[in-house]
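One structure is given below, represented as structure tokens, and several questions about it will come after.
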Amino acid sequence: MNRMTKYLLILSFVLAGMSACIDDKSKDAHIQLSHITIQSERDTFYCDYGSVQEIQANVSQDMDGQELHYEWRARYILAEGEEKQDVDSLKYISTEPVLKYSFPQLGEFQVRLRVSNEDVSEMHYYRVFVQTGFNEGLLVLSADEQKKGRTSFLRTQNENDLVTGSEYEFKLNAFEAVNPEFPFNDPTDVVKEGQRLAISCREDQVIYIFNNKTFDLLSRVDLKVDFAWMRPIKMGNIMATNTVPVLSERGDFGQLNLQYGFVYDDGFYPETSVYDRYYSTKNGVHCFVDNENSRIDYFRYRAFNSGDIFKGYHINNVFITNSNDLWTVATNEKSGRVKITKFSKFDFFQGPFTEESASLETATIATLTEEAQMIENSVFHVCFYTNGSALYQWKMMEGAAIVPLPTDPVYTAEGEITCFASSTNERYLYLGVWNPSAETELKGSVLVYDVQSHQIVKEYPGIADKPIKILYKPAN
């Protein structure tokens with residue numbers, strides 16, 4: 001056999017072997033891969049800032065038995081006008097099959113899910129829009145019997161939602177969810193000025209300042225550093241630029257700058273003063289009651305005081321109307337008779353204490369306690385105040401004469417009315433009620449009271465502990 005024939009025989013054997021391999025249907029010839037499929041009912045999500053967003057994909061693979069590995073990554077998408085250095089790369093956020101994640105800022109995020117097994121990997125993309133859940137709504141500050149604070153917030157599109165019903169539910173730990181590392185111990189007050197909110201805590205001697213829309217903590221003011229005596233119990237409306245007064249438990253005052261987050265002493269108030277009551281208005285009027293010295297210190301444009309007008313009297317209550325009239329209720333320390341006085345004339349040198357515009361002496365003020373909060377309603381020309389479970393409506397004036405205080409309430413709640421506030425249009429009152437016997441887990445509720453019909457038109461039961469302050473927070 002010559003060499004050429006030998007080569008031809010070898011070639012034919014090789015070709016025959018290749019043909020056999022091609023026709024072979026065995027698994028060694030065909031490597032099957034377990035391909036992954038990712039499906040999702042939706043690829044776009046909207047969530048509130050501070051809340052946990054959950055994303056779950058439907059993942060399947062061609063062959064059972066292979067372990068699936070999940071990797072979630074996200075990046076912030078640059079908004080118009082933002083600098084390029086603010087752009088994030090895809091950052092790892094989870095390896096769980098179901099993503100549960102609180103996105104760190106407002107705006108749009110791209111989220112990538114990568115699922116892999118030992119053969120292949122597959123990716124799927126989502127878009128998440130993070131918006132503020134605290135833009136507008138009703139804020140309730142409360143505390144339990146151990147003085148642990150709680151902030152409850154009901155999001156609304158407008159204030160009328162509180163009457164008709166909001167599509168949202170109360171968030172029962174609003175500030176706490178955004179700032180879990182800063183618990184409220186013995187909270188006493190919350191105020192809003194501009195784009196900032198402040199919450200004072202007596203026991204810890206701190207004031208927290210938050211962003212009005214996101215509830216992010218902006219600063220924590222430790223009063224013990226410079227004002228060891230300061231145990232804050234009440235804050236007022238703005239007195240100077242970005243500054244509100246802060247009343248201490250022992251009767252001293254300080255000033256809190258909300259922009260820079262510091263407290264300083266103020267020269268408006270005499271060092272001998274011991275204030276046990278404080279009232280302020282959005283119009284920049286501030287009234288400080290000093291029963292130890294039988295006087296009222298009054299601030300409007302500048303500081304004034306009542307001199308000897310209340311000498312021999314104990315000042316029970318004060319409030320200021322929307323037209324800046326000052327009303328006082330004081331008890332004669334000898335006779336026990338009560339004098340109700342209206343001061344409506346304002347002098348730039350003497351303030352409101354030039355003369356009494358009207359006054360009335362009565363034998364008692366049985367329905368009005370010193371703890372009572374008083375709110376004027378300028379639409380119906382009445383004043384509301386509370387005493388335990390009772391809500392009273394006082395007409396105040398009949399012509400030029402002062403009307404005696406009412407003896408019967410216009411509404412009685414099931415529980416104690418611990419605080420209340422007026423709606424912006426003054427048609428409704430928001431009553432904070434604490435009922436230890438309530439069947440709900442939380443014993444604090446908010447009732448919406450119609451001023452004209454004297455009826456409760458909406459109830460929000462079990463949304464707080466013992467209410468301390470109710471505040472409707474508009475978007476601006």
Side-chain angles (χ1 to χ4, degrees), residues 50 133-134 136-156 159 161-163 165-166 168-180 182-192 197-204 208 210 215 232-235 369 371-375 384-392 409 411-423 428-450 455-473:
F134 311 114
E136 180 168 350
L138 190 71
L139 176 64
V140 182
L141 177 66
S142 64
D144 63 16
E145 293 178 285
Q146 288 72 46
K147 298 183 180 181
K148 179 183 178 182
R150 179 190 299 274
T151 53
S152 306
F153 186 79
L154 179 63
R155 182 179 178 183
T156 61
E159 195 169 0
D161 285 354
L162 296 177
V163 179
S166 172
Y168 305 100
E169 295 182 352
F170 260 99
K171 292 182 182 293
L172 301 183
N173 298 98
F175 286 94
E176 301 91 306
V178 181
N179 310 278
F182 295 104
F184 300 127
N185 183 24
D186 192 17
T188 54
D189 201 1
V190 56
V191 296
K192 175 188 178 294
L197 287 156
I199 294 179
S200 57
C201 296
R202 172 171 42 197
E203 190 65 31
D204 287 345
Y208 297 100
F210 300 92
F215 288 1
I233 59 172
K234 186 175 178 60
M235 296 180 287
T369 66
E371 294 75 26
Q373 180 186 355
M374 306 180 76
I375 296 179
F384 289 97
Y385 61 89
T386 61
N387 185 348
S389 62
L391 175 70
Y392 291 90
Y411 174 74
T412 302
E414 293 185 11
E416 179 186 356
I417 304 174
T418 55
C419 63
F420 74 118
S422 174
S423 65
Y428 303 97
L429 295 175
Y430 308 133
L431 308 180
V433 178
W434 183 60
N435 183 5
S437 301
E439 296 181 357
T440 52
E441 180 179 356
L442 300 180
K443 308 304 181 183
S445 303
V446 171
L447 310 180
V448 181
Y449 173 83
D450 189 312
Q455 299 293 321
I456 299 298
V457 294
K458 190 69 178 178
E459 297 185 34
Y460 297 95
I463 54 84
D465 294 304
K466 189 173 184 179
I468 297 169
K469 181 79 171 280
I470 296 177
L471 176 69
Y472 187 79
K473 191 181 77 66

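Since the model is a prediction, treat every value here as computed from it, not as a measurement.
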Margin query: Any side-chain to backbone donor/acceptor pair from Ser445 onto Gly462? Under 3.5 Å, distance only.
Written below: yes
Margin query: Holding to side chain to side chain donor-acceptor pair (under 3.5 Å), I want the full list of residues that pass it with Asn185, two or more places apart in sequence or in another chain.
Written below: Asp204
Checklist line | Donor-acceptor pair, side chain of Thr151 and main chain of Phe175, under 3.5 angstrom | finding: yes
Margin query: Arg202: which residues meet the salt bridge (Lys or Arg N to Asp or Glu O under 4.0 Å) condition with it, sequence neighbours left out?
Written below: Asp186, Glu249
Notebook entry, point to check: Any idea which heavy atoms bring Leu141 and Pro187 closest together, and the distance?
Noted result: CD1-CB, 3.9 Å
Next item on the list: Go through the structure and list residues passing ring pair (Phe, Tyr, Trp, His ring centres under 6.0 Å) with Phe134, not counting sequence neighbours.
Entry: Phe153, Phe215
Check: Can you tell me how far the CG atom of Leu447 sits from the CD1 atom of Ile456, to the nearest 0.5 Å?
Finding: 4.5 Å
Notebook entry, point to check: salt bridge (Lys or Arg N to Asp or Glu O under 4.0 Å) with Glu203: which residues, sequence neighbours excluded?
Noted result: Arg231
Notebook entry, point to check: Does the pair Tyr428 and Leu162 meet the rule for a side-chain contact (heavy atoms from CB on, under 4.5 Å), with working shown?
Noted result: CA-CA 10 Å; Tyr428 303 97; Leu162 296 177; over 6 Å; no
Item checked: With sequence neighbours excluded, residues passing ring pair (Phe, Tyr, Trp, His ring centres under 6.0 Å) with Tyr460 -> Phe170
Next item on the list: Taking side chain to side chain donor-acceptor pair (under 3.5 Å) as the test, write out the residues that go with Thr386, two or more places apart.
Entry: none
Margin query: Within this structure, what is the OH-CG distance for the pair Tyr411 and Leu391, rounded to the nearest 0.5 Å?
Written below: 9.0 Å
Could you tabulate the donor-acceptor pairs under 3.5 Å formed by side-chain atoms of residues 463-471, not counting sequence neighbours?
unit_1: Asp465; atom_1: OD2; unit_2: Arg150; atom_2: NE; d: 2.9
unit_1: Lys469; atom_1: NZ; unit_2: Asp189; atom_2: OD1; d: 2.9
unit_1: Lys469; atom_1: NZ; unit_2: Val190; atom_2: O; d: 2.8

Check: Is Asp144 reaching over with its side chain to a backbone N or O of Lys148, donor-acceptor style, under 3.5 angstrom?
Finding: yes
Checklist line | Minimum-distance pair of heavy atoms, taken over all atoms of Glu439 and Lys443 | finding: C-NZ, 4.4 Å
Note to self: Give me the atom names and distance for the closest heavy-atom approach of Tyr168 to Arg155.
What the structure shows: CD1-O, 3.4 Å
Item checked: side-chain contact (heavy atoms from CB on, under 4.5 Å) partners of Ile375, counting only residues at least two apart -> Gln373, Phe420, Ser422
Checklist line | From CA spacing to verdict: side-chain contact (heavy atoms from CB on, under 4.5 Å), Tyr472, Glu136 | finding: CA-CA 8 Å; Tyr472 187 79; Glu136 180 168 350; 2.7 Å; yes
Next item on the list: Starting from the C-alpha separation in whole Å, work towards a yes-or-no answer on side-chain contact (heavy atoms from CB on, under 4.5 Å) for Lys192 and Leu139.
Entry: CA-CA 11 Å; Lys192 175 188 178 294; Leu139 176 64; over 6 Å; no
Note to self: List the residues meeting side chain to side chain donor-acceptor pair (under 3.5 Å) with Ser166, not counting sequence neighbours, and say none if there are none.
What the structure shows: none
Note to self: Just to verify, what does Ser389 make a side-chain contact (heavy atoms from CB on, under 4.5 Å) with, not counting sequence neighbours?
What the structure shows: Thr412
Margin query: Can you list everything that forms a ring pair (Phe, Tyr, Trp, His ring centres under 6.0 Å) with Tyr430? Sequence neighbours excluded, please.
Written below: none
Next item on the list: Hey, could you give me the OG/CG distance between Ser152 and Asn173, rounded to the nearest 0.5 Å?
Entry: 7.0 Å
Next item on the list: Working to the nearest 0.5 Å, report the span between NZ of Lys473 and CG of Leu154.
Entry: 12.0 Å
Check: For Asn179 and Phe210, what are the C-alpha separation, side-chain angles and deciding distance, and is it a side-chain contact (heavy atoms from CB on, under 4.5 Å)?
Finding: CA-CA 10 Å; Asn179 310 278; Phe210 300 92; 3.6 Å; yes
Checklist line | Point-to-point distance, once rounded to the nearest 0.5 Å, from CD1 of Ile199 to CZ of Phe184 | finding: 4.0 Å
Margin query: The criterion is side chain to side chain donor-acceptor pair (under 3.5 Å); which residues satisfy it with Tyr385, sequence neighbours excluded?
Written below: Thr367
